[in-house]
Undergrad: 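Got a structure for you, questions after.
All heavy atoms count here, side chains included; hydrogens, waters and symmetry mates do not.
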Amino acid sequence: MTAETVPSTSHPIAPVRREVRVRCDADTAFELFTAHLGAWWPLGTHSVFGAEGSVAFEDGTVVERRGADTAVWGTVLRWERPVGFAMTWHPGQGPERATEVAVEFTADGDGTLVTLTHTGWERLAEPEAARADYDRGWPLVLGGLEQWVERAGAGAGAGTEPTGEWFALHHRPGPGLADGGSVFAHPLFREHVAFLHRLRERGWLVAAGPVDAANGAGMAVVHIPVGAGPELDELARTDDGSVTGGVLSVTVQPWDVRFTAAD
């Protein structure tokens with residue numbers, strides 16, 4: 001979602017207000033929204049660089065990255081954990097073309113109501129069109145947060161530990177890789193990176209990287225909802241273009257995790 005700006009309109013434009021309820025306490029909701037922004041934000045459809053990018057809060061700004069390319073989405077104006085925060089908003093544009101976004105977290109029974117308010121349309125060149133665009137887009141974005149919290153099993157109340165199943169995806173050079181060829185230099189390796197980004201958007205990916213950079217072997221650790229193992233196995237074999245193209249082979253192995261950092 002981006003917006004064109006410059007001239008201002010002579011009459012005020014109503015704010016966009018959207019909300020979603022997540023099943024965790026307000027402090028956890030604040031943490032998941034901010035510290036784990038890149039895990040649930042739908043980068044494939046709502047970003048500057050697309051699915052191959054990453055996004056995170058960094059020193060008071062929200063920054064999207066793809067390799068050496070960066071795009072600042074906005075700057076934090078207010079930070080009151082767990083109550084809420086506010087920031088300027090200009091993905092794909094300069095700071096002189098910024099609107100403002102505020103997010104509040106309110107306790108609601110055993111969950112939290114996350115309310116997003118987007119204002120400042122009067123500063124844009126086409127305020128009504130920009131408002132209509134975001135009015136359609138924010139429900140999709142907040143829906144990503146809601147789905148990620150559910151898939152990650154973030155809880156049904158304060159202090160609830162995430163539940164789910166752990167798997168390790170072991171990747172090794174496949175039969176389609178030429179003798180002596182580099183996995184990382186092959187054009188299809190970017191399909192593997194895109195696949196990992198899709199796992200992250202689902203809220204499943206915990207970590208990934210090479211375990212033997214010399215021969216291209218690597219591993220991805222995932223934490224998924226109970227019962228989603230068959231779906232993960234299918235995705236690992238058919239949704240990763242480097243696997244279907246034979247550059248990598250994959251083994252999906254259940255992992256009986258007994259301890260985590262939270263234990």
Undergrad: Asp69 and Arg65: salt bridge (Lys or Arg N to Asp or Glu O under 4.0 Å), yes or no, with the steps?
TA: CA-CA 6 Å; Asp69 298 325; Arg65 299 183 180 278; over 6 Å; no
Undergrad: Centroid-to-centroid, Trp41 to Trp73, below 6.0 Å?
TA: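 So the answer is yes for these two rings.
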Undergrad: Identify whether Met87 and Val83 are in the same connected component of the hydrophobic contact network (ILVMFWY, side-chain heavy atoms under 4.5 Å).
TA: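 In one cluster with Met87: Val83, no.
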Undergrad: If we ignore angles and hydrogens, is there a donor and acceptor under 3.5 Å between the side chains of Gln253 and His170?
TA: yes
Undergrad: Does the side chain of Glu100 pick up a donor-acceptor pair with the side chain of Trp89 at under 3.5 Å?
TA: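 No donor-acceptor contact under 3.5 Å links the two side chains.
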Undergrad: Please determine if Glu80 and Arg78 form a salt bridge, counting it only when a charged side-chain N lies under 4.0 Å from a carboxylate O.
TA: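 Result for this pair is yes, salt bridge flagged.
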Undergrad: Can you classify the ring geometry of Phe30 versus Phe105 as parallel (below 30°), tilted (30 to 60°) or perpendicular (above 60°)?
TA: tilted
Undergrad: If you measure from the Lys or Arg side-chain nitrogens to the Asp or Glu carboxylate oxygens, is any gap between Asp212 and Arg172 under 4.0 Å?
TA: no
Undergrad: Donor-acceptor pair, distance only, cut-off 3.5 Å: does the side chain of Glu19 make one with the backbone of Leu113?
TA: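 Side chain of Glu19 to backbone of Leu113, a donor-acceptor pair under 3.5 Å: no, none is there.
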Undergrad: Quiz question: by atom type and distance under 3.5 Å, do the side chains of His118 and Trp138 form a donor-acceptor pair?
TA: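 Yes, side-chain donor-acceptor contact under 3.5 Å.
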Undergrad: Looking at every heavy atom in both Gly216 and Pro173, which two are closest together, and how far apart are they?
TA: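 Heavy atoms only, the tightest pair is C-CD, 4.4 Å.
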Undergrad: Flag the pair Phe33 / Leu145 as yes when at least one side-chain heavy-atom distance between them is below 4.5 Å, and no otherwise.
TA: yes
Undergrad: Which atom names give the shortest non-hydrogen contact between Glu201 and Gly44, and what distance separates them?
TA: OE2-N, 3.2 Å
Undergrad: Would a single hydrophobic cluster contain both Leu140 and Leu37, if residues Ile, Leu, Val, Met, Phe, Trp and Tyr are joined by side-chain heavy-atom contacts under 4.5 Å?
TA: no
Undergrad: Verify the cluster assignment for Val247 and Val193: are they in a single hydrophobic cluster under the rule of side-chain heavy atoms below 4.5 Å apart?
TA: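 Result: yes, single cluster for both.
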Undergrad: State whether Arg17 and Asp135 are salt-bridged, where the test is any N-O pair (Lys NZ or Arg NE/NH1/NH2 against Asp/Glu carboxylate O) under 4.0 Å.
TA: no
Undergrad: Search all heavy atoms of Asp27 against all heavy atoms of Asp25 and return the closest pair with its distance.
TA: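 Of all heavy-atom pairs spanning Asp27 and Asp25, the closest is N-OD1, 3.1 Å.
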Undergrad: Calculate, to the nearest 0.5 Å, the distance between atoms NE2 and CG belonging to His192 and Leu188 respectively.
TA: 12.0 Å
Undergrad: For residues Leu32 and Trp40, report the shortest heavy-atom separation together with the two atoms involved.
TA: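 In terms of heavy atoms, the two residues are closest at O-NE1, 3.2 Å.
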Undergrad: Write down the atom of His90, the atom of Arg97, and the distance for their closest heavy-atom approach.
TA: CB-O, 3.6 Å
Undergrad: Is it true that Arg202 and Glu231 make a salt bridge, defined as a side-chain N closer than 4.0 Å to a carboxylate O?
TA: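 Yes.
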Undergrad: Shortest non-hydrogen contact from Ile224 to Gly229?
TA: CD1-N, 3.6 Å
